[in-house]
Each structure stands twice: as C-alpha cells, then as structure tokens.
Asks: 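Quick one: the structure is below, questions incoming.
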Amino acid sequence: MRWEAFLEQVQDRGRYATPQEAERAARTVLALLGAHLVGEVRAELAARLPETFALILLNPLQSAEPLSPERFVRATAAWIEGASDQTAAWDVSAVLSVAADAAGDELTARVLLQLPPGYDLLFGHPEHV
C-alpha cells in the first residue's frame, strides 16, 4: 500500500483534520503493535505497509508483556500528546482497521492469534473471535 493511500484512509477513518495527525496516530499505534507481533506474521504485515510504517513495525517499542486491548489503548494515549483513553481508542481503531485492510483477512486472522483476546474489535474484525 502506498504511503499517501494509507494515510488518507487513516485520516478518513479517524476523522483527523490533517495528515500529520493521522501520521502521528499511525506511528504510535504501529510501534506499539510491533512489540506484540513476532516472526513471519510481523514481517508479512510489514511487507504490506508503506516502507516508513513497515520500519516502525519492525523496530517496535519494547513491551515486557502482551498488553490487553484496554492497556494497549491506554499506552497509546500515553504516547500521544493530549490524548485521552477515548480519543486513543479512536486512534487505535482507525490505524488498525486500515492495517487489517492492507493485510487481508488471512493475515489479519494470524495477527489476531498472536494477540490477547479482544483485539479483533480494535482491528474492526469481530468475526475473528
């Protein structure tokens, strides 16, 4: 997926006023997500993202343990200046739903297998329960 197309979709879904806001959310969410994925799944997802975001996913923030979906949202809020848990939930869903579209159903299902229960809703794929 091209950089512009990815950001446009995140901007549209997140209803951000500027591409910079969409980019900030995407960088934060993908850095946190990368800490939760390993091996081929992380590499395959990275291959379907624009190069800059792929590098962020492949060089993630560190996480001592997998975060529950709620803690993932709180961590996102902590990294985005001025964000609340509610706005961070919006940020996470906007970015992860675009990433899921880029990944396709099969890879998204494999990504969800590496994550704690409940992430399916953040990715906008509740059928993968």
Side-chain angles (χ1 to χ4, degrees):
M1 181 177 269
R2 288 182 8 262
W3 169 266
E4 297 83 12
F6 188 90
L7 272 186
E8 284 174 11
Q9 288 182 29
V10 170
Q11 185 175 354
D12 182 55
R13 291 183 193 180
R15 297 185 181 148
Y16 299 109
T18 67
Q20 292 78 16
E21 289 177 290
E23 181 181 349
R24 178 191 66 197
R27 285 177 179 276
T28 302
V29 171
L30 292 172
L32 287 167
L33 179 64
H36 290 73
L37 301 178
V38 296
E40 284 184 34
V41 169
R42 184 167 67 186
E44 285 181 44
L45 180 57
R48 297 185 189 186
L49 298 175
E51 183 179 3
T52 299
F53 292 131
L55 293 173
I56 291 168
L57 186 76
L58 293 172
N59 296 295
L61 296 169
Q62 297 302 309
S63 179
E65 63 185 48
L67 299 175
S68 68
E70 296 79 17
R71 289 182 61 209
F72 188 93
V73 169
R74 284 196 302 272
T76 301
W79 280 94
I80 297 177
E81 185 178 333
S84 67
D85 287 355
Q86 289 175 324
T87 61
W90 190 267
D91 295 331
V92 169
S93 291
V95 174
L96 293 184
S97 67
V98 174
D101 288 350
D105 289 340
E106 188 272 331
L107 180 54
T108 298
R110 291 182 19 229
V111 165
L112 290 170
L113 287 174
Q114 289 194 7
L115 298 169
Y119 274 82
D120 56 323
L121 296 175
L122 296 178
F123 276 85
H125 283 260
E127 68 274 6
H128 294 293
V129 180

Asks: Test: ring-ring contact (aromatic ring centres under 6.0 Å, His included). Region: residues 87-116. Which pairs qualify, not counting sequence neighbours?
Replies: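 Qualifying pairs: none.
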
Asks: List for me each residue that meets side-chain hydrogen bond (donor to acceptor under 3.5 Å, both in side chains) alongside Q11, sequence neighbours excluded, and say none if there are none.
Replies: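 So Q11 forms no side-chain hydrogen bond (donor to acceptor under 3.5 Å, both in side chains) with any residue.
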
Asks: Could you work out, with side-chain hydrogen bond (donor to acceptor under 3.5 Å, both in side chains) as the rule, every residue matching Q114, not counting sequence neighbours?
Replies: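 Checked Q114 against side-chain hydrogen bond (donor to acceptor under 3.5 Å, both in side chains); zero matches.
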
Asks: Applying salt bridge (Lys or Arg N to Asp or Glu O under 4.0 Å) to R110 and E106, what does each step give before you reach the verdict?
Replies: CA-CA 7 Å; R110 291 182 19 229; E106 188 272 331; 2.9 Å; yes

Asks: Check whether any side-chain N or O of T87 sits under 3.5 Å from a backbone N or O of A83 as a donor-acceptor pair, and report yes or no.
Replies: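 No, because the side chain of T87 does not come within donor-acceptor range (under 3.5 Å) of the backbone of A83.
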
Asks: Knowing that exactly one of V95, L33, L112, V73 qualifies, which makes a side-chain contact (heavy atoms from CB on, under 4.5 Å) with L122?
Replies: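 So, applying the side-chain contact (heavy atoms from CB on, under 4.5 Å) to L122 and each of V95, L33, L112, V73, only V73 qualifies.
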
Asks: Work out which heavy atom in P66 is nearest to a heavy atom in P116; give both atom names and the distance.
Replies: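 Nearest heavy atoms, P66 then P116: CB-CG, 3.8 Å.
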
Asks: Can you list every ring-ring contact (aromatic ring centres under 6.0 Å, His included) pair that touches residues 55-83, not counting sequence neighbours?
Replies: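 Sorted pair list: H36-F72, F72-Y119.
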
Asks: Output every pair passing ring-ring contact (aromatic ring centres under 6.0 Å, His included) with a member in residues 10-30, not counting sequence neighbours, ordered by first then second residue.
Replies: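 Output for this query is empty, none listed.
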
Asks: Please list every donor-acceptor pair under 3.5 Å in which a side-chain atom of residues 51-58 meets a protein atom from a residue at least two apart or in another chain.
Replies:
none

Asks: Can you name the salt bridge (charged side-chain N to carboxylate O under 4.0 Å, His left out) partners of R2, sequence neighbours left out?
Replies: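 Expected list: E4.
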
Asks: Run the salt bridge (charged side-chain N to carboxylate O under 4.0 Å, His left out) test against R42 and tell me which residues pass, sequence neighbours left out.
Replies: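 For R42, no residue satisfies salt bridge (charged side-chain N to carboxylate O under 4.0 Å, His left out) once neighbours in sequence are set aside.
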
Asks: Quick test of your reading: applying salt bridge (charged side-chain N to carboxylate O under 4.0 Å, His left out), list the pairs with at least one residue in residues 8-29, sequence neighbours left out, ordered by first then second residue.
Replies: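 Every salt bridge (charged side-chain N to carboxylate O under 4.0 Å, His left out) pair that includes a residue of residues 8-29, provided the two are not neighbours, is R13-D101, E23-R27.
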
Asks: Not counting sequence neighbours, which residues clear salt bridge (charged side-chain N to carboxylate O under 4.0 Å, His left out) with E40? List them please.
Replies: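 E40: no salt bridge (charged side-chain N to carboxylate O under 4.0 Å, His left out) contacts found.
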
Asks: Taking salt bridge (charged side-chain N to carboxylate O under 4.0 Å, His left out) as the cut-off, I'd like each qualifying pair that reaches into residues 54-68, sequence neighbours left out, listed once.
Replies: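 For residues 54-68: E65-R71.
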
Asks: Check P69 against G118 and note the closest heavy-atom contact, atom names and distance.
Replies: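 In this case the closest contact between P69 and G118 is CG-C, 3.5 Å.
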
Asks: Could you work out, with salt bridge (charged side-chain N to carboxylate O under 4.0 Å, His left out) as the rule, every residue matching R48, not counting sequence neighbours?
Replies: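 R48 satisfies salt bridge (charged side-chain N to carboxylate O under 4.0 Å, His left out) with no residue once adjacent residues are dropped.
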
Asks: Quick check: closest heavy atoms across A94 and V10, and the distance to 0.1 Å?
Replies: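 Minimum heavy-atom separation between A94 and V10: CB-O, 4.1 Å.
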
Asks: State the CG-CG distance between L45 and L37, to the nearest 0.5 angstrom.
Replies: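 So the CG of L45 and the CG of L37 are separated by 6.5 Å.
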
Asks: Mind checking the OG1-CG spacing from T108 to L96? Nearest 0.5 Å is all I need.
Replies: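 Rounded to the nearest 0.5 Å, the OG1-CG separation comes to 10.0 Å.
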
Asks: Testing the basics here: between I80 and A25, what is the closest heavy-atom pair and its distance to 0.1 Å?
Replies: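 That would be CD1-CA, 4.1 Å.
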
